[in-house]
Each structure stands twice: as C-alpha cells, then as structure tokens.
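Below, all heavy atoms of this structure are taken into account, side chains as well, without hydrogens, waters or symmetry copies.
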Amino acid sequence: MAESKKMLRVEISRFDPDRDEVPKTQEYEIPVQDDWKVLDAINYIKDEVDPSISHRWSCRMAVCGSCGMMLNGEPKLTCKTPLSDYDETIKIEPLANFPIVRDLVVDMDGFMDKFRKVKPWIVRAKARAEDMEDLNEKGTFSQSPDQLATFKQFSMCINCLLCYAACPVIANEPEFIGPAAIALGHRYNLDSRDEGQAERNSIFRGEGTVFSCSFANECSEVCPKNVDPAAAVNQAKLAAVVDWAKGLVLPREGA
Amino acid sequence: MKHLLLKLEPIIWLLFGAGLSVGTMLLTGFVLVVGLAIPMGLVPSDALDYERAHALASNGFGRLVLLGLIALPLWKGAHHVRSLSVDFNGGDRDGAVGVLVYTAAALCSLIAIVAVVRL
Amino acid sequence: MVQVSRHDIVIVGGGGAGLRAAIAAAEANPDLSIALVSKVYPMRSHTVSAEGGAAAIARDDDNEELHGFDTVKGSDFLGDQDVIEYFVENAPRELALLENWGCPWSRNEDGSVSTRAFGGMSTKRTWYATDKVGFHMLHALFQHSLRFDNIVRYDEFFVTKLLVEDGRCQGVAALEIRTGEFHAILGRSVILATGGAGKIFPFTTNGTIKTGDGMALAYQAGVALKDMEFVQYHPTGLPGTGILITEAARGEGGYLRNNKDERFLVDYDYGVGDKAELGPRDMVSRAIIQEFEAGRGFEGRYGKYCVVDLRHLGEKHIDAKLPFVRELAKIYIGVDPVHEYIPIRPVVHYMMGGVDTDINAATELPGLFAAGEVACASLNGANRLGSNSLTECLVFGAVAGRNAIEFAQGAGEGNSSALVSQAEEEAARVEALRGNGRGNEKIAGLRHEMNSTMEAGCGVYRMQESMQIAATETRSIRKRAADLHLKDSSRVFNTEIVSALELQNMVELAEVLAVSAAHRKESRGAHTCRDYPTRDDQSFLYHTLAHRTDDGPRLGRKEVKLGHWEPQERKY
Amino acid sequence: MTRAAHPEAMAPPKKGPTRTAPPRMPGSWWGAPRIRTYLLFGATGVVYFLAGTVVLHLVWALGKGPDAWATVMASLSHPLYLVFHALTLISVLFVGIRAFGTMMPKMQPRGGPLPVLAPGLVRGLIYSAWAALTLVFSLILAGKIGS
Ligand SMILES: Cc1cc2nc3c(=O)[nH]c(=O)nc-3n(C[C@H](O)[C@H](O)[C@H](O)COP(=O)(O)OP(=O)(O)OC[C@H]3O[C@@H](n4cnc5c(N)ncnc54)[C@H](O)[C@@H]3O)c2cc1C
Ligand code: SF4
Ligand code: F3S
Ligand code: FES
C-alpha cells in the first residue's frame with residue numbers, strides 16, 4: 001500500500017429513514033490504491049472511517065449481483081468498476097428508479113415480485129411421471145448445442161438491476177415488468193425443454209410488459225454481463241405479436 | 001381506455017413497426033425527390049407534371065404505395081409521440097394520450113384511403 | 001417485541017443446499033409450510049461463484065466403483081464410505097433433475113450432457129455449464145423454487161440462534177436486517193445450509209458472506225463440529241483479491257508454470273503426461289509452495305506467485321469453455337489469458353469440516369439437520385475433490401429436506417412460549433450490541449488480527465508450534481470479540497451489527513480450527529504438518545469432534561466408517 | 001441524480017416495513033448523449049406524423065385535378081417546406097440508421113424455422129435493401145425510369 005498514496009474524494013449518498021427526510025450527501029477523503037475497484041473504496045470507508053455506511057455486496061467478482069450503484073450518475077457494478085476510471089471525485093448513490101431503504105441500499109421487493117410473474121421455470125404440459133418418455137436413459141432431455149445457444153445469452157443475468165436503473169420507461173411507468181424479468185421469461189420461452197410459451201406470451205401481452213418497452217436500449221448499454229435484455233424484450237415483443245396473430249387465424253384450445 | 005389500448009397493442013405495434021421500416025424506406029426516396037430535388041430545381045419539374053404523376057399514382061400498385069407512404073409514418077409518429085409523453089409526463093395519462101394520437105392517426109388513414117381511391 | 005411465525009420446517013440458508021432442501025421438502029408434502037431464511041437474497045448466495053463443475057457419473061467408461069474410490073482416496077481415507085457410496089449412487093439423478101429444471105448444462109453434439117476432466121477424478125465426470133456452474137445451478141434452483149407456494153421466504157434475515165427446547169431444535173431467532181426487528185421463526189425441524197467459513201482467513205476465494213454462521217449456531221447449541229482442521233487451499237487464486245481461477249482451467253488442458261517457465265508439476269508426478277496438472281488440490285497447493293521455497297516463484301506486489309498458462313488452448317477454445325476465466329483475469333488482474341500468463345497462488349477455498357452429520361443429514365440434536373458446506377457428512381474427509389461439493393449440496397440437501405419433513409410430521413408443536421422467551425433473550429443480547437459505544441475492540445481491527453493469526457498458524461504447511469500459538473491467540477481474540485465497539489445505532493439496514501455478529505461467529509470457529517489442527521499430529525490430506533510429515537493411521541484414523549465449552553473446544557473422536565476400500569498409501 | 005422518478009417506480013407489491021426515500025431518475029437521464037439519442041429518436045415521430053399529412057395533402061390535390069396539383073407542387077418550394085423536408089430527410093436517415101443498424105438485427109426471431117444471422121450481416125442486408133429501394137423509387141419519381 002505504501003507505494004501509491006493517491007487521495008480521492010468520495011461523495012456518498014446517505015439516508016437513514018429514522019433521521020432523514022431525504023437523502024443527503026456525505027464526503028470522505030481517502031487514500032486509494034491503484035488496483036482498487038470502487039467497492040474497495042467503499043469498504044475502506046466502512047472499515048476505517050465510518051462504519052455506519054450501509055451497502056450490499058458479497059462475491060466481489062461480478063457474479064452475485066448485489067453491488068450495483070450509481071457512480072457519477074451511471075449504473076455500475078462497484079466490484080467491477082476500477083477506481084482509476086475516476087479522477088479526483090466520485091459520487092456514489094443508490095440505484096436509480098428504486099425506492100431507497102437506507103444509504104446505498106434499495107428496495108428490491110418490487111423486482112422480486114415482477115421476477116416471479118413471468119414464470120421463470122420449465123413449464124411442461126404433462127405431469128412429471130408421464131414426462132419420462134421424453135427423457136433419455138440418463139434421465140435428461142436431449143438438447144443440441146445449437147438449441148442451447150438459442151437462449152444461453154439470456155440466461156446469464158445476475159439480477160444486478162442496473163438495467164432497471166437505466167431504463168427510462170421504468171422511471172415513469174410503475175407497472176412495467178422491466179428488462180431483466182422479461183428477458184428471463186423469454187429465456188424460458190426459447191428453451192427447447194419448455195412448453196410454457198403460450199402462457200408466457202399471454203402474460204407478455206398483458207399490462208406493463210413487452211409493449212411498454214420503447215426500445216430505449218439503455219438496458220443493454222449498462223448490462224455488465226452482456227445479456228442484451230433489449231434484444232430479449234423486443235424478440236419477446238415480436239414473438240408475442242406473432243403468437244397473437246396465429247391466435248386470430250387458428251383459435252387456441254381452452255383460451 | 002387503457003384496457004382497450006391493451007387489446008389493440010399488437011396491431012398498433014405492427015403498424016408502428018411497419019412505419020419504422022417500410023415507412024422509412026419509402027419516405028427516403030420521396031422526400032429526396034419530391035420534397036427537395038424538384039422544388040430546388042435539381043430535377044426538372046415536368047418529371048412529375050399532372051399527367052405523369054397521375055399515371056404513376058392511379059394504378060393499383062401506385063395507390064398502395066401512396067397509402068403506405070401516408071399511413072405508415074402516421075402510425076409510427078403517433079406511437080412515438082405517445083411514448084415521448086410517457087418519458088416526460090409519466091405513465092398516468094398514457095391511456096388518454098394513446099387514444100388521442102391513435103384516433104388522429106386512424107382518421108388521417110381513413111382520409112388517405114378516400115384520397116387514393118378517388119384518384 | 002419479538003415477532004413470532006410458525007412453519008413446519010425452517011431452512012437456514014438459500015444457497016445450493018438450502019434451495020435443494022426446500023424443493024425436496026415442498027415436493028414431499030405440498031401441505032406443509034417451509035420457511036427459507038437467508039441473510040442475502042437466495043440468488044446472491046455464494047454458490048453463485050462456483051465455476052468449474054459438479055461431479056456425477058455420466059459416461060459409459062465410468063462407474064460407481066471408480067467415482068467412489070476417487071473420492072475415498074481424495075479424502076485420504078478419512079471419508080465415511082457409507083456416505084460416499086450413497087453420494088456416488090445418487091449424484092447422477094440429482095444432476096439430471098437439475099437438468100430437467102432448466103439448468104443450461106453444456107452439451108455434446110448428440111444432445112447429451114457434456115463432462116470435463118477435474119483434479120483427482122480418474123475420468124471425465126464433471127458436468128459443467130461453461131465455467132459458471134454454480135451460477136447456473138443456483139439460478140435454476142432458485143427459479144424452480146419460485147413455483148412452490150408453500151416455500152415462504154425470509155430474505156435478508158440474519159439467524160443468530162437456534163431455539164432448542166425439550167432436547168430438540170424447534171426454530172431460530174433471526175434479526176430482520178431491513179427493520180432491525182427480531183423474529184422467532186418456529187418449526188418442528190430445522191435445516192442448516194449456511195455454507196462455509198473461508199472468511200476466517202485473509203486470502204480466500206469466498207465472498208464476504210461466508211462467515212460460518214451455521215457452524216457457530218450449531219456449536220453454540222451444543223452440537224459437535226467435526227474435522228475442522230481440514231481447510232482446502234485451492235492452488236489457483238488471483239493474488240490480491242483471491243478470486244478463483246477454476247480448476248477447469250487445468251481440466252481443459254492449462255499448465256502451471258514457475259519462474260523458470262517449467263511445467264513443474266510434471267516432476268511431482270500426480271498424474272501422467274497431459275494430466276500432470278490434474279493432481280488433487282492439497283498436493284498441487286503444496287507443490288506450488290515448494291516451488292516458492294525453492295526460489296522458483298515470481299515476485300509480485302502481493303508476494304510470490306506462479307502462473308497458469310492457457311495460451312496453447314487458443315482463443316476459440318478459451319471462449320467456448322472458459323469465458324468467465326478470461327473475463328475475471330482481464331478485469332481483476334489486467335491479463336488476457338489468450339496471450340498472457342495468469343498469476344496465481346494457493347488460496348483458502350473450502351471447509352472440509354463442519355457440523356457433524358450422518359448419512360441422513362441429521363445432527364446429534366434431534367430436529368436439527370445440516371447439508372452443504374456447513375455440514376460435515378464426511379464425504380470429503382481430509383481433502384475434497386473438486387466438483388464433489390456442488391453435487392453434495394444437491395444430494396444431501398435433498399436428503400435433509402426429506403428427512404426434516406418426516407421428522408416434522410412425527411413431532412409435536414412444542415412449547416411456543418418457552419421458545420419465544422428464548423428468542424426474547426437473544427433479542428436483548430443483540431440489541432445490547434447495536435451502537436454499543438462502550439466496547440473497546442474495533443470490528444475491522446479484530447478481524448484483521450484473526451485473519452493474520454490463522455494465516456500464520458494454519459496455512460498450507462503447518463508447524464506444531466505455530467498451531468499452538470494460533471490456538472492461544474484465537475482464544476484471546478474470541479474473548480475480546482465480546483467487547484466490540486459499534487458506532488451505528490440506527491435500526492434500518494444496520495450492516496455494522498451484522499458484521500459484528502459475523503465476527504463473533506468467526507472467532508469461535510477460528511479457535512476450534514486452530515485447536516483441532518494442533519491436536520492432529522500427522523499429515524493427512526489438506527492438513528500438512530512439517531513436524532509430522534506422514535499419515536498415521538495407527539493413531540489418527542478418526543474424525544476430530546469439538547464440543548463447545550466456555551474455555552474453548554472440548555475435543556473428542558468419532559470412528560471413520562470404513563468399507564470395502566482399505567486405507568493404502570495415497571499416490572497419484 | 002436529477003429529478004424524481006415516478007413515486008411508485010419499482011415499488012414493492014405491498015408497502016415495505018420501513019419508510020423509504022422515493023426513487024430518483026439517473027442523473028444522466030436527459031443530459032447523457034445516449035439518452036438524448038433515444039429522445040431524439042422519439043422526437044422523429046412528430047416529423048413522421050407531419051410528413052404523412054404532407055403526402056396526404058399532395059395526394060388529395062392530385063385527386064382534385066391538374067390545377068390543384070400544380071398549385072401544391074409550386075408551394076413546395078416555399079422555404080418553410082424546404083426546411084421541413086430537409087428535417088424529414090435527416091430524421092429518415094437517423095431513424096433508418098438506428099432501426100436498421102441496431103434495433104432490427106437484435107430482433108431476429110430465435111428458436112423458429114429461420115436461422116439467426118450475424119447482426120452485421122442483417123445490418124448489411126437491410127441497408128442494401130434500403131439503398132436499392134431508395135434509388136429505384138427516386139429514379140422513378142425523377143422520371144428516369146418508366147414513362
Ligand atoms: C469461488 C468458488 C468456486 C467453487 N467452485 C466449485 C466447483 O467448481 N465445484 C464444486 O463442486 N464446488 C465448488 N465450490 C464449492 C461450492 O460452491 C460450495 O461448497 C457450495 O456452493 C456451498 O453451498 P451451500 O449451499 O452450502 O452454501 P452457500 O451457497 O454459501 O449458501 C449459504 C446460504 O446461507 C445463508 N446464511 C449464511 N449465514 C446465515 C445466517 N446467519 N442467517 C441466515 N442465513 C444465512 C446465506 O445467505 C446463503 O443463502 C466453489 C466455491 C467457491 C468459493
Ligand atoms: S439484464 Fe444485465 S443489467 Fe439487467 S439485471 Fe440482468 S445482468 Fe443486470
Ligand atoms: S431500456 Fe427500457 S425501454 Fe426497453 S429496450 Fe430496455 S427495456
Ligand atoms: S459483489 Fe457480487 S456482483 Fe459485485
């Protein structure tokens with residue numbers, strides 16, 4: 001640590017619902033190391049300067065999805081973003097478009113609710129026992145590498161919520177289910193093992209789903225895992241429309 | 001109102017998409033020549049004197065292209081105006097704005113049908 | 001003051017093991033209510049970071065005898081062979097189930113699941129989803145669990161105590177992090193699935209949540225911890241951060257090199273030819289330290305290191321099989337493995353020891369079950385084979401879920417008021433910590449002390465003397481941790497109090513670890529004493545048990561369940 | 001961050017157990033080049049709508065007869081019209097580049113009978129179609145093809 005003693009001004013948004021009406025900003029001046037990520041600076045402050053800061057983090061390797069925050073107004077994973085991207089000051093705020101619980105912590109429950117709405121699991125028409133005939137002798141479904149590639153990209157989402165913090169529609173339309181959740185539903189729709197397309201497509205045509213997206217593409221710009229949720233949402237849009245048109249021509253059973 | 005819109009959403013989106021793609025493709029040549037080149041004298045104006053224009057427009061294909069040229073940009077425009085309104089005013093009045101812009105687009109599209117049929 | 005809720009079973013932990021247990025329980029009886037309590041949202045659990053793969057027989061050239069023997073031998077004959085046989089037999093079914101639930105396993109051209117080579121495994125039996133296996137498994141499990149209405153989640157609740165009454169475990173006391181309120185979550189049986197405790201050490205692949213809470217909870221409730229001296233060092237962690245470069249990097253054909261550019265593992269002879277790099281983790285870690293000591297390590301800002309060489313695999317292969325390794329190396333150490341070496345050094349990775357459980361995932365305390373890394377079913381013995389533990393989470397998570405349901409169905413409601421008053425006492429204890437400015441010890445300071453004590457005393461190579469010192473020091477650190485100084489007195493999302501509770505858990509375990517290690521005067525698996533360099537089956541072929549007393553752990557022993565594989569010299 | 005987002009943006013299904021501060025929009029919402037591009041893209045909607053009505057106006061005149069047609073064609077050289085058409089051309093190019101260049105390649109249906117092509121290839125194909133169509137259409141209108 002001795003070799004580099006660069007000082008950095010860190011402005012952190014603070015909010016304690018028991019004491020503050022609205023979030024306020026607190027400044028810290030700390031020595032930083034050139035190979036630190038932004039998360040290291042926050043942890044340094046928490047350990048050495050002000051233990052009352054609250055933030056979420058765990059894996060520090062960009063895979064658990066807990067550490068998303070606004071850095072100078074841009075949604076970023078703090079454990080992935082090098083401090084060297086910032087010169088003298090850095091402003092750290094909780095993710096935009098979410099209610100703020102405390103300091104850098106946002107309320108995720110709204111997201112968890114939306115996440116479940118798209119039925120993010122394999123839907124099969126038959127009961128499990130009868131399904132066995134589709135399985136091979138090892139008990140697995142057969143799926144070619146090409147079939148896997150169809151949805152693989154959309155299964156890489158770590159639920160970091162950066163896309164929600166970036167999407168202009170989320171900011172204005174509370175019902176919008178949003179990029180990551182729709183991408184997840186679309187991922188299951190594309191999975192060769194799944195038979196829930198009709199169900200999900202009718203969910204997708206409901207309020208606050210695919211048609212709310214105005215293809216701002218912001219979600220894909222900020223996604224740290226290259227999920228390209230904008231692609232997923234808009235493919236889902238197209239698929240839901242095609243499915244609707246098919247329904248006009250050949251009326252669906254049961255629907 | 002929101003409910004009705006929701007039912008129509010797939011058609012609206014198809015029309016929007018057509019405006020975005022086909023509309024853009026048609027408009028490019030059209031503004032280039034009719035909107036700019038002819039008025040600026042880069043192309044002699046008799047290229048589109050009444051006889052030739054009418055002949056081009058009044059066959060079946062011509063009427064169809066003209067209808068697309070009018071209606072598709074209208075729908076693309078209406079849909080964009082609606083989402084702009086969400087971006088600036090929030091989603092609360094989305095239903096009302098939607099009905100307003102789509103009604104305008106639908107009316108103009110109807111007039112367009114009359115116009116091309118009348119040719 | 002304490003909020004009370006009642007369920008049939010309570011599961012602590014939403015990682016691979018906890019989710020698998022919840023699903024097994026929910027399927028076993030859809031009418032029973034299952035509480036899933038986790039200190040982070042389930043998909044943040046550290047299972048998410050596992051990279052390399054999960055082992056189960058998949059190919060025709062493989063069989064139960066081979067997987068079983070690999071595991072027994074890997075465990076340096078300290079594994080219980082009944083557990084190992086059960087595990088090996090059930091592993092393929094569990095991984096296939098996960099496939100049915102949507103896990104995107106990598107595939108062969110014919111549509112079957114693809115497998116890769118792993119250290120200490122005699123054939124390709126490690127299932128993988130590129131190199132983000134834990135991530136895909138955890139998300140598949142979590143998403144699948146959402147379809148069950150009888151799984152009730154308590155997200156971001158920190159469990160601080162097991163509620164024990166009438167000699168059986170009947171619930172947990174938990175701090176709701178969001179509100180600062182205390183809850184008594186009652187059930188007729190409880191499953192611990194809280195994962196490992198790597199954070200006792202300074203340099204680890206583990207995330208910040210891996211503080212061994214569940215081990216401490218059980219230990220404080222009087223349950224024995226088993227084999228805590230066995231700590232797995234993974235050979236390849238990035239210097240500085242400790243971020244893991246998965247063993248799959250070597251499984252896919254990567255080399256380890258020293259500063260002479262030699263593939264030094266060829267000389268250590270843990271495998272032949274192309275498999276020289278695929279020795280078990282304990283041995284490869286020791287080999288790297290020996291290279292350092294012989295002056296053949298590189299010198300860097302964070303001490304000595306060796307390198308992983310993937311260049312010969314080519315960009316295409318790396319991107320197809322190891323994209324996450326490439327991403328991590330680029331972001332965290334600024335190296336592109338397509339063209340450059342990745343610096344690595346051995347890093348604390350996994351706890352072989354844990355809460356003493358049997359083949360039924362049951363502990364000695366009726367009504368308390370444990371599975372996953374928190375438990376020590378003695379599958380892994382003295383050294384875990386890479387890719388056995390993700391599968392362990394599934395196999396024994398399912399066992400725990402089913403058995404906990406069965407136990408709950410046969411057990412009565414119990415005495416709620418006694419349980420609630422226990423929870424109230426616990427609430428008062430924790431409340432006293434909040435913003436406690438009278439204490440003298442800084443959380444971060446004490447954590448650093450514990451970390452460096454453990455690194456010095458219980459590293460890859462250990463000495464009697466240094467382990468004894470660690471044992472004494474950790475005892476005093478444990479006592480000092482009762483006197484923490486906290487600054488944050490707020491109620492809502494107070495993470496300082498969580499860190500304090502985690503530290504108090506870790507110092508307990510650090511002491512158990514050091515004391516257990518000092519007592520084992522032999523070298524076996526991951527426990528390598530310079531003073532006692534050989535394995536001593538005569539005196540030490542048993543599991544170490546540790547029960548809690550106020551003066552430190554009281555050690556005992558438990559027989560190793562041998563079977564048809566006789567202990568022999570462990571050579572590769 | 002600049003301004004308040006919708007007070008219920010990403011709100012939980014039932015009110016959380018503690019008071020929260022209302023959501024804010026990202027600071028870059030309007031200021032950042034990326035968002036500006038998106039809003040400008042939306043704004044082209046207005047231009048398109050007007051362009052549609054202009055064409056309608058022309059066609060209506062054509063239906064009325066030679067005199068009406070001549071008047072309307074003459075009016076097109078009014079500077080306001082010229083400015084508007086220049087704006088339309090810019091909008092059309094901008095929309096084309098964004099829609100054909102970035103949006104449509106992402107929207108290829110997957111898992112269906114059609115193969116998924118590389119985005120670059122799709123972009124190239126659509127651009128070529130656009131250029132070809134524009135060329136042919138312009139030549140027809142300018143009287144170089146067809147009589
Ligand atoms: C970097 C890395 C790579 C790995 N790679 C592999 C691999 O390739 N193959 C393999 O087989 N194994 C691998 N492992 C090991 C394996 O991932 C773990 O052993 C396994 O994931 C542990 O799962 P678990 O369910 O027991 O615990 P975890 O996933 O750690 O989950 C613990 C859960 O308990 C909860 N919890 C903890 N304490 C409390 C508390 N006090 N109150 C409430 N909740 C609590 C947490 O919130 C979390 O939900 C790897 C490990 C690491 C660190
Ligand atoms: S889609 Fe990308 S940005 Fe959105 S939550 Fe998933 S990983 Fe994060
Ligand atoms: S940013 Fe939002 S509007 Fe659509 S393309 Fe992404 S969800
Ligand atoms: S800490 Fe896990 S993603 Fe950043």
query: Between D:G112, D:P7, D:A21, D:G16, which residue shows the highest count of heavy-atom pairs closer than 4.5 Å to chain A?
result: D:A21
- request: Count the heavy-atom pairs under 4.5 Å between each of A:Q147, A:E21, A:E173, A:M112 and chain D, then report the option with the highest count.
  value: A:E21
query: Which one, A:A165, A:A230, A:A216, leads in non-hydrogen pairs under 4.5 Å with chain D?
result: A:A216
message: So, taking the atom named OG1 in D:T20 and the one named CZ in A:R102, what distance separates them when rounded to the nearest 0.5 Å?
response: 14.5 Å
task: Can you tell which part of A:V105 gets under 4.5 Å to a heavy atom of chain D, answering side chain, backbone, both or neither?
output: neither
query: Can you list the steps and then say if D:M10 with A:D107 is a side chain to side chain contact (heavy atoms under 4.5 Å, CB included)?
result: CA-CA 8 Å; D:M10 293 313 282; A:D107 190 342; over 6 Å; no
- prompt: Where on A:E175 is there a heavy atom nearer than 4.5 Å to chain D: the side chain, the backbone, both, or neither?
  reply: neither
- line: Between D:A11 and A:P99 the two heavy atoms that sit nearest each other are CA-CG, 4.2 Å
query: Considering only heavy atoms, which portion of A:N234 lies under 4.5 Å from any heavy atom of chain D: side chain, backbone, both, or neither?
result: both
message: I need the minimum non-hydrogen distance between D:P26 and A:G73, along with the two atoms involved.
response: CB-O, 3.9 Å
- prompt: For A:Y164, is it the side chain, the backbone, both or neither that has a heavy atom under 4.5 Å from a heavy atom of chain D?
  reply: side chain
- request: Using non-hydrogen atoms and a 4.5 Å limit, figure out which bit of A:I170 sits close to chain D: side chain, backbone, both or neither.
  value: both
field: A:S220 versus chain D, the contacting section by heavy-atom distance below 4.5 Å
entry: side chain
- request: Let me know if A:F15 has heavy atoms under 4.5 Å from chain D in its side chain, its backbone, both or neither.
  value: side chain
query: Is it the backbone or the side chain of A:K237 that comes under 4.5 Å from a heavy atom of chain D, or both, or neither?
result: neither
- request: Identify which part of A:V101 has an atom lying under 4.5 Å from any heavy atom of chain D, answering side chain, backbone, both or neither.
  value: both
query: Any donor-acceptor pair under 3.5 Å linking the side chain of D:R24 with the backbone of A:A96?
result: no
message: Can you tell me which portion of A:A232 sits under 4.5 Å from chain D's heavy atoms? Options are side chain, backbone, both or neither.
response: neither
query: Between A:S214 and D:Y38, is any pair of side-chain heavy atoms under 4.5 Å apart?
result: yes
- line: CZ of D:R110 to CZ of A:R187, rounded to nearest 0.5 Å, is 13.5 Å
query: Is there a side chain to side chain contact (heavy atoms under 4.5 Å, CB included) between D:M25 and A:N172 once you walk through the steps?
result: CA-CA 9 Å; D:M25 284 181 183; A:N172 292 303; 3.5 Å; yes
message: Nearest 0.5 Å, please: how far is CZ in D:R98 from CZ in A:F215?
response: 8.0 Å
- request: Would you confirm whether A:Q235, through its side chain, and D:K106, through its main-chain N or O, come within 3.5 Å as a donor-acceptor pair?
  value: yes
- prompt: Considering all heavy atoms of both residues, which atom of A:I100 and which atom of D:P22 are nearest to each other, and what is their separation?
  reply: CD1-O, 4.2 Å
query: Which residue out of A:D20, A:L238, A:D228, A:V242 racks up the most heavy-atom pairs below 4.5 Å with chain D?
result: A:D228
